[in-house]
Structure formats: structure tokens, C-alpha cells
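Report on the structure given below.
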Number of protein chains: 2
Amino acid sequence: MENRITLKELAKLLNVSISTVSKALNDSPEISPQTQKRVKELAALNHYVPNMLAQNLKTRHTKTIGVIIPAILPHFFAEALHGIETKASELGYRIIICISNESLKKEAESVQTLIKGQVDGLIMSLSQETQAKMEIDHLQPLFSHKVPLVLFDRVLKQIQCDKIHINDSLQAEQATMALLNSGCKKIAYFSGISDTSVDDERKKGYLDAVKILGASRKVVNFDPKNFPDKKLLDLIENKKVDGILASDELGAILVMKSALNAGFRIPEDLSVIGFTNGQMSEHFRPSLSTVDQHAEEQGKLALETMVDRIEGKLPAEPIEYKLETSIIHRNSTRQKLYDLAD
Amino acid sequence: MENRITLKELAKLLNVSISTVSKALNDSPEISPQTQKRVKELAALNHYVPNMLAQNLKTRHTKTIGVIIPAILPHFFAEALHGIETKASELGYRIIICISNESLKKEAESVQTLIKGQVDGLIMSLSQETQAKMEIDHLQPLFSHKVPLVLFDRVLKQIQCDKIHINDSLQAEQATMALLNSGCKKIAYFSGISDTSVDDERKKGYLDAVKILGASRKVVNFDPKNFPDKKLLDLIENKKVDGILASDELGAILVMKSALNAGFRIPEDLSVIGFTNGQMSEHFRPSLSTVDQHAEEQGKLALETMVDRIEGKLPAEPIEYKLETSIIHRNSTRQKLYDLAD
DNA sequence: CTGAAAGCGCTTACAG
DNA sequence: CTGAAAGCGCTTACAG
């Protein structure tokens, strides 16, 4: 950061003006081929690197996009981030990342620091606390300063902006029906991520399905840090629960692990479907049937939408994508899940 | 990004000079309490946000640190990133992330874009290709422009800079010995990440251990995308291999899964130890014994070192941390692993 | 305690 | 084809 050569020094060395150097380096047609060549050679020789800060200050944009996610450890967010980064580098943008750790305070701080002009737009998935408290005042600066916002996965109706997510309730409804169709008689919904919008939607879908089918309902919230949950074994043993829809990957794995350790068979005694497809789902024995949340695709789409918005290619009114998803049937559910479309 | 109010406008509104506004906002003791109050009130009223670009251009630092990692999906890197981000936000720094996807080209491009003055320093873990080709020319700009570099986990001897990693060879040696001590007679080393420095070190440690103990050796490189590997089952069935040290988490899980699916028992027929501790290791049945790679700690330490270097708190010569690690004994190895220190 | 001025490193109308 | 000048939004010696 210290001994960088600047346009001014280059100009002095070449005995031309700063403007000429700048234009030559930027391939301006105004400059003669010879001087362009001279300038570029000397620049290369001196390892000239343009100072983006100065460029950005002039051009009013930074070509970098801020990303605030609640966590990075859950596979879903790692994969979404991967999608965001891939697409960003494809389109010539950089990303700057903050992790809210599911905390509203941290999220608000991140918005504050990112807004200070370093970022052309902000992509977010809201923290659990933000969603639970329905608190959105900390996003106000984004609107008053007109920095574009794209929300993905954990979105909020109250916020006016572009949104990317999956149809969580429909998906949960279908997963519940699939469980029923595969022969389950009593299905419970297990959530380790209560108070998030996605959990609400999934729960709603589950409740709709059991209602339609006249089955009995059972919703359990649990703390992933305190597993195995006694409620689980009690449900299987005494309440005849033989199917579980879990709101996230870790939750589903914990359910399976506890049931297996207690001597139940999967899928014979208990069938399980989880949300979010990740490595654990794929490699666990038995492998877990999941709702594919299209993490990478959500990420890519979020970034693409952001760039389109920044570059003014989108209509004024916010757009909302609800991605089509599907259930990946593996070994935690019984064969012969009838396709509901049949 | 459009309608932000600036110092100049604030100054005009208040009928004072720009300098006064700037100083008032920065709590300079030069300014009288009354005007400070006036200035701050008006600034708040107008949602004034300082333009970091301009600030940074003056102050010559950005308080942001670039991070280039080979991938984000492996648990190790996600966790390391989490450590980096946590510590950064603690110390008032931001991070800007690039993912090289194990590609030298992408890594070089990322260095190029990050170096353009947006970043006070660079934290990297090298891509597989970079390490395989021992190509380090693309890092040259960092040195010629004096931007500090901290390498973690996947480091290279040839590069002069601060380094954070674990003692991979020692750890592999101890893991191999632990396997032997638990009763294994023939141990193989399985790697799905060949050509990386960490793999070289781990292989070396493994070879040292079998040499010391006079056991026979077997090194297998495999492609995680093409598993189950026939070699694995052949080794167990025909070559009497009864212990495996795997170079990474996914590799270890794939080994266990394939062996279990083929009807072998773990740990009775085959004991397994993997490198890198993650969710899969913890939740797989049986749970996997692993070498704890201290991902989060490596990340935190890398960032701390970076900040100390930037702020001139470190001696000129590069420092190198080799973190102490330990083996987490779970159920993929037999009981009674004698502690080598006994 | 307040302000005028220079400057960080660029870009870009405008003149010549 | 080249250059002088203004300006992006700040900070900070220096004067008063």
C-alpha cells in the first residue's frame, strides 16, 4: 500500500499530462497508438495498479456488493454464498461479507458499515432475531439512501424489495403428503429454527396438509444443542408418530440419529424428510430424503437480480422469485411415494 | 448511493466551513461544544453517512482485509471463514472474500482485483493447483506493493510471509500410531486432496509412523466424485487393511460408508481416523474419530496476525504459528487407544 | 475556536 | 491528438 506509482508520477516520467496517461491506460481512442504504447509499457514496468478508491470516488460506484447472512456453517448458507460468489466474479463484481450470527444487533451494525459508500447494493438473508421481532428499522437507511436490497430465503413480507426464495409452504405441504402417501399414519413437524419466516411457512404447509388429509397434527420446536429430545422418543414410542418432517438438515439428521440409537428402524418404524439438501443428507446411513432448497441457485439469482437492479435493467416495482423445487427421495422414506400429480 | 448529503452541503446549511463540520463530526477538541452539537444534530437529521471511499483515499487505509480461499463448501473453510469474520468484526475490520475454486487462474485474478487499493492486507489459503504447480508468481504484486500476506492451512515454504497452520505431519504420525496402538495391523492412507501441502505433510507423517513401527504402507489417492473406490474394498478384503487414515472429512466419511455398505463393521473390521472435524464426523453412525484442525482458531489467529502486521505491531521477520492439535476419539476407532505420552 | 487551502488519485468535459 | 482544469468527498496542517 505504500510505494505505489501514480498517474502523476507516470506522467512526469513520460513528459506528458496526467490526462493523457489516464486516457492511454483506459484505451481511449483519443490517444495515438504510439503514446498509448509508451504509456502502457512504462506502467507495466513500474507495476502500476490503478487506485480503485480514487476511481470509485469519481465514478460513483464500487462494483462491489455487500452480503449479510445469518451464519456460514449451515450448508445452505455456505452453498448460497458459493452461488453468489460464482456469479459475482462472472459479472465482474466483488462481494463483501458480514455474518450476523442470527443477531439483530450485529445485522444492524453490518448494514451501517456497509452503507458507507463501499457497496453498490446489499444482498441479505435475515437473522432469526430480526424475523422473530419483525424489526426492520435498521434497514431504513438502505431505503433513504436508495441502495438496492435483495432478500433471499429468509425474507419478510413487510419489506419492499426484490426477493428470491422457494415456496416453502407448498413444499412442506407436498412433503407431508408424500409422507402420508408412503404409508405414514401420524406425522409430526420438528423445527430447530423456529421464529424464522421459512419455519413459519413450512409449518403452515405442514398444517395445511394434515388438515386436508384429516390427519392429526403435532408441532415440536427443539434446541439443536439439546438433543436427543425426549419428546421425540416419546412421540414415536407412545404417540404412534411414524413420520417426521424436519425444518432443516441438522434437525433431520438429529432426529434420525436419535431414533436409530434408540433402536427404531428407518424408514420402517419412522420415515423422515428434511428441508435443505447437503452433504450430511447424502452421506448419512440411511441417506435422507430432502426438499431441495436450491441454495446455489438462490444465491446466483440473488446476485443476478442485484446486478440487473443496479444497472437499471429492472422495472421499478420489486420482483419476487419463488423457485420451483422438488423432493429428493432417498432412503429415509419408504419406496412408492406416489407422485401427487398422478 | 444517489442522494447522500455531503460535508459541503451540511456546511452550507449551517453556515460554517467544511473543516468545522468535519472536525465536529470527528469529535475534535478544537470545536466548541455548541457547534459540535449543532453539527451533529443536523447530520443526524439528514441521515448523513460519511463516504468511506473519500475517507480512505485520504487516510490511505481501508480497514478491510481480503480473503482468498480455495472453496467454501468443505466444513473446514466455512469454519475458518467464520473465525476470520468474527475476529474481524471484533477488531473493526471488514472482509472481502474471493473463492478460487482450487484454480490458480481464479486465484491470480482475485489477487489482481483485491490489490487495487481496496484492501489493507490479504489472507489466503492456496488453491490445489497453485500448490501442485508450485506457482507463486501471481503473488509477486503483493510483495512489490508491500501488501501484507498471511497464509493459513495450505501454506508454501517458498513464500516469505506470516503463516498459520497445524503440524500436519506430526498429527498424521500420531493418528497412525494411535490406530496401530488400538490394534490395527495394516494401515492405509487415503487422500482425496492430493497435491496440496497439507496432504504432502500428512502423507509424510503417515509414512514416518509406519516406518518407525515397521508396518507396511499403502497410499491411495482417490477422486471423491468416483466413490466407492474399488481399491478400498479390495484392500480390506484381500490385503488385510484394517485401519485407514483419511486426509479429509469427506474422504473419511466416504470410506466408512463404502465399507459399511459392503458389510464390514466399524471399528471391528476397519478403524478409521479422518482429518478435519465437522458436523458429518460428529453425526455419522458410527461417529468419526478425527484430528481436530482448529479451523475457527486458525481463522481467528490469521486475522489477528494480519491486523497486528498492518498496525506495525510485529517484528519484520515473518512469524509462523503451528497450532497444537489433538485427536478426538469417537466411535470409528476401538477403545483403548493408548496415549503415546504414557 | 473557526476557516482557507492543499491534497489523496483518479476521470472527464472542454479547449486548443 | 494532447493538456489544463475542475471535481469526486473527505482530512489536516496552518493561519488567524
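Remember, it's a predicted structure, so these values are computed and weren't measured experimentally. Proteins come first, then strands; the chains are lettered A, B, ... in the order of their sequence lines, and each starts at number 1.
Taking the nucleotide of DNA chain C with the nearest heavy atom to each of B:I18 and B:A54, the more 5' of the two is matched to B:I18.
Note: CG (A:N56) to C1' (C:dC10) measures 10 Å, nearest angstrom. B:E30 has its CD atom 10 Å from the P atom of C:dT2, to the nearest Å. When the C1' atom of D:dG3 is taken as reference, atom NZ of A:K23 falls 7 Å away, rounded to whole Å. Distance, A:L14 CG to D:dC1 P: 18 Å, rounded to whole Å. Atom CG in B:L7 sits roughly 12 Å away from atom P in D:dC8 (whole-Å rounding). Between B:N51 atom CG and D:dT11 atom C1' the separation is 13 Å, expressed in whole Å. Taking atom CD of A:Q55 as the reference point, atom P of D:dC10 lies 19 Å away to the nearest angstrom.
Interface remark: the A:K58 side chain does form a donor-acceptor pair with the D:dG7 base, using a distance-only criterion of under 3.5 Å. At a cut-off of 3.5 angstrom, the base of C:dG7 holds no donor-acceptor pair with the side chain of A:K8.
The side chain of A:Y48 sits closest to C:dC10 out of C:dC10, D:dC10, C:dT2. Nearest nucleotide to the B:L57 side chain, out of C:dC8, D:dC1, D:dC8: C:dC8.
Once rounded to the nearest 0.5 Å, the distance linking CG of A:L122 with CD1 of A:I68 reads 4.5 Å.
Using modelled atom types, one finds no donor on one side chain facing an acceptor on the other under 3.5 Å when comparing B:E107 with B:S110.
A tilted orientation is assigned to the rings of A:F152 and A:F76, their planes being inclined by 30° to 60°.
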